[in-house]
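The structure under discussion appears below in the form of structure tokens.
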Amino acid sequence: MGKWRILITDYEFNDLSIEEKVLSKLGNVEIIKGQCNTEDQVIHLARDVDGIINQYAPIGEKVINSLEYCKVISRYGVGVDTIDLAAASSKGIYVTNVPDYGVEEVSNHALALLLSWSRKITQLNNYVKKGVWDFKLGMPISRYSNQTLGVIGFGRIPRSFVKKAKAFGFNIIVHDPFVPDDVIIAEGATPDSLDGVLVQSDYISVHVPLTKETTHLFNREKFKLMKKNAVIINTARGAIINEQDLLDALLAKEIAGAAIDVLETEPIHHDHPLLSLDNVIITPHTAWYSEEAMIELRTKTAQNIVDVLENKQISYLVNKEIINIGKEHEKIES
């Protein structure tokens, strides 16, 4: 048997020892390590590989059409917005992800942002460090039992988030058109329309994937629907919020603040105007992280490659339509 060639398009880890250990199950394997930022860079390294592990590098139709032998693209993480799923499916390439590795971490981080902003922890800490000792600078702060928390999306992470937030006494309303109302009600929340959530909520936590439909879902029009005391929390994808519109809404005092872990362009530029606002909390795309989650993510991402190349059951297949496409090809060939 020949050598398997696996490309890792880009990564942020100190080494790739975890991936190397898992991929060694394939036997004779060559791992190509890249730090690609563009499609052309990916194409240069990927033309004759059997599998690809991807973090942020773009893998669009141009890349996929250049692949001669690739059978699987496995993404570090949940979202697969870096990959053209339709092109991959039509080319017969399996796309996998790891949807369950960071549920606790991301839901905890969203809760931490909620609690930090609502109790004005970050703002008051900054005042104290400047020598100002005055609780009134945090006004107003309201009791949670008098506050409404809106949640957009109701997959694994937001369900965990809602369970934790309920313990603090928030009234919780949820919008997710793909989840039956009775499922939301069973979790102790109230289902509503998107606009209904925006109009009623004091805090809004975003938990939807980035798609064509959700890109800039939160724009100036949506911010105008929100309460003037409302705060938006985003631990999903940066491009779900139009950053310029968010900045304009904050400066116009149409909403009260934001607590965000993800931005449209990362890392954030040092002179980005959001950094100058005291009512904005920004963390560096760290919601996913714990030592345990990082090991699980890297292990499962590499294992997805092994499972596809060894024709094993695929635990985390994203483009499930590829199975039907394969069956149609078999019919045509027979």
Side-chain angles (χ1 to χ4, degrees), residues 54-56 58-61 75-89 95 97-100 102-103 106-107 109-110 113-114 149-162 172-181 183-184 189 191-201 203-226 230-250 254-255 258-266 268 274 282-283 285 287-288 318-321:
N54 169 251
Q55 187 167 29
Y56 300 124
I59 303 181
E61 185 177 11
R75 185 166 189 282
Y76 288 121
V78 182
V80 289
D81 45 281
T82 58
I83 303 165
D84 188 323
L85 294 178
S89 296
V95 177
N97 66 348
V98 188
D100 56 359
V103 172
V106 179
S107 59
H109 199 86
L113 291 174
L114 169 64
L149 170 61
V151 178
I152 310 301
F154 207 57
R156 291 180 178 91
I157 291 169
R159 292 185 200 197
S160 177
F161 171 67
V162 164
I172 302 176
I173 53 179
V174 171
H175 173 70
D176 191 324
F178 303 104
V179 176
D181 287 356
V183 173
I184 295 172
D192 210 327
S193 66
L194 176 59
D195 287 357
V197 171
L198 300 187
V199 169
Q200 299 175 71
S201 299
Y203 298 92
I204 296 169
S205 192
V206 181
H207 300 276
V208 296
L210 181 62
T211 64
K212 289 181 181 179
E213 292 72 27
T214 63
T215 298
H216 288 180
L217 174 65
F218 284 87
N219 51 35
R220 197 67 185 276
E221 177 186 349
K222 296 303 182 186
F223 291 128
K224 287 180 180 293
L225 292 176
M226 294 163 60
V231 175
I232 188 163
I233 300 163
N234 187 12
T235 53
R237 281 290 183 271
I240 295 168
I241 296 176
N242 184 314
E243 275 177 26
Q244 184 60 53
D245 286 1
L246 171 62
L247 178 64
D248 292 342
L250 290 166
E254 291 169 352
I255 63 172
I260 51 181
D261 183 57
V262 286
L263 294 111
E264 290 196 76
T265 300
E266 297 176 359
I268 190 170
L274 283 175
I282 300 176
T283 53
H285 202 149
W288 66 274
V318 176
N319 57 337
K320 295 181 173 61
E321 66 274 10

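From a predicted model like this one, the values you see are computed outputs, not experimental measurements.
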Answer whether the closest heavy-atom distance between the side chains of L274 and L247 falls below 4.5 Å. yes
Side-chain touch V78/V98, heavy atoms, less than 4.5 angstrom: no
List in chain and number order the residues that pass salt bridge (Lys or Arg N to Asp or Glu O under 4.0 Å) with R159, two or more places apart in sequence or in another chain; answer none if no residue qualifies. none
Do H175 and L198 have side chains that get closer than 4.5 Å, going by heavy atoms? no
Under the side chain to side chain donor-acceptor pair (under 3.5 Å) rule, collect the residues that match up with D176, sequence neighbours excluded. none
Show me, pair by pair, the donor-acceptor contacts under 3.5 angstrom made by side chains of residues 149-158, not counting sequence neighbours?
none

Any luck finding a side-chain donor-acceptor pair between D261 and T235 under 3.5 Å? no
Can you check whether L217's main-chain N or O pairs, donor with acceptor, with T214's side chain at less than 3.5 Å? no
Suppose we screen for side chain to side chain contact (heavy atoms under 4.5 Å, CB included). Which residues come up paired with T82, at least two apart in sequence or across chains? N54, R75
Mind checking side chain to side chain donor-acceptor pair (under 3.5 Å) for D84 and listing every partner two or more places apart, or none if nothing turns up? none
Quick one, S89 and N319 - any side-chain contact, counting heavy atoms below 4.5 Å? yes
Applying the side-chain contact (heavy atoms from CB on, under 4.5 Å) criterion to F161, which one of V106, L114, V103 satisfies it? L114
Mind checking side chain to side chain donor-acceptor pair (under 3.5 Å) for S201 and listing every partner two or more places apart, or none if nothing turns up? none
Run the side chain to side chain contact (heavy atoms under 4.5 Å, CB included) test against P58 and tell me which residues pass, sequence neighbours left out. E39
Check whether the side chains of E264 and H216 place a donor and an acceptor atom closer than 3.5 Å, and report yes or no. yes
Test side chain to side chain donor-acceptor pair (under 3.5 Å) applied to E221 - qualifying residues, sequence neighbours left out: none
All ring-ring contact (aromatic ring centres under 6.0 Å, His included) counterparts of Y203, not counting sequence neighbours: none
Using the test ring-ring contact (aromatic ring centres under 6.0 Å, His included), find all partners of H109 that sit at least two apart in sequence or belong to another chain. none
Taking only residues two or more places apart in sequence or in another chain, which ones pass side chain to side chain contact (heavy atoms under 4.5 Å, CB included) with A236? V206, N234, I240
With sequence neighbours left out, the residues meeting salt bridge (Lys or Arg N to Asp or Glu O under 4.0 Å) with D81 are R237
Looking only at atom types and distance, does a side-chain atom of D245 sit under 3.5 Å from a main-chain N or O of R220, one as donor and one as acceptor? yes
Tell me, do F223 and D248 make a side-chain contact under 4.5 Å, heavy atoms counted? no
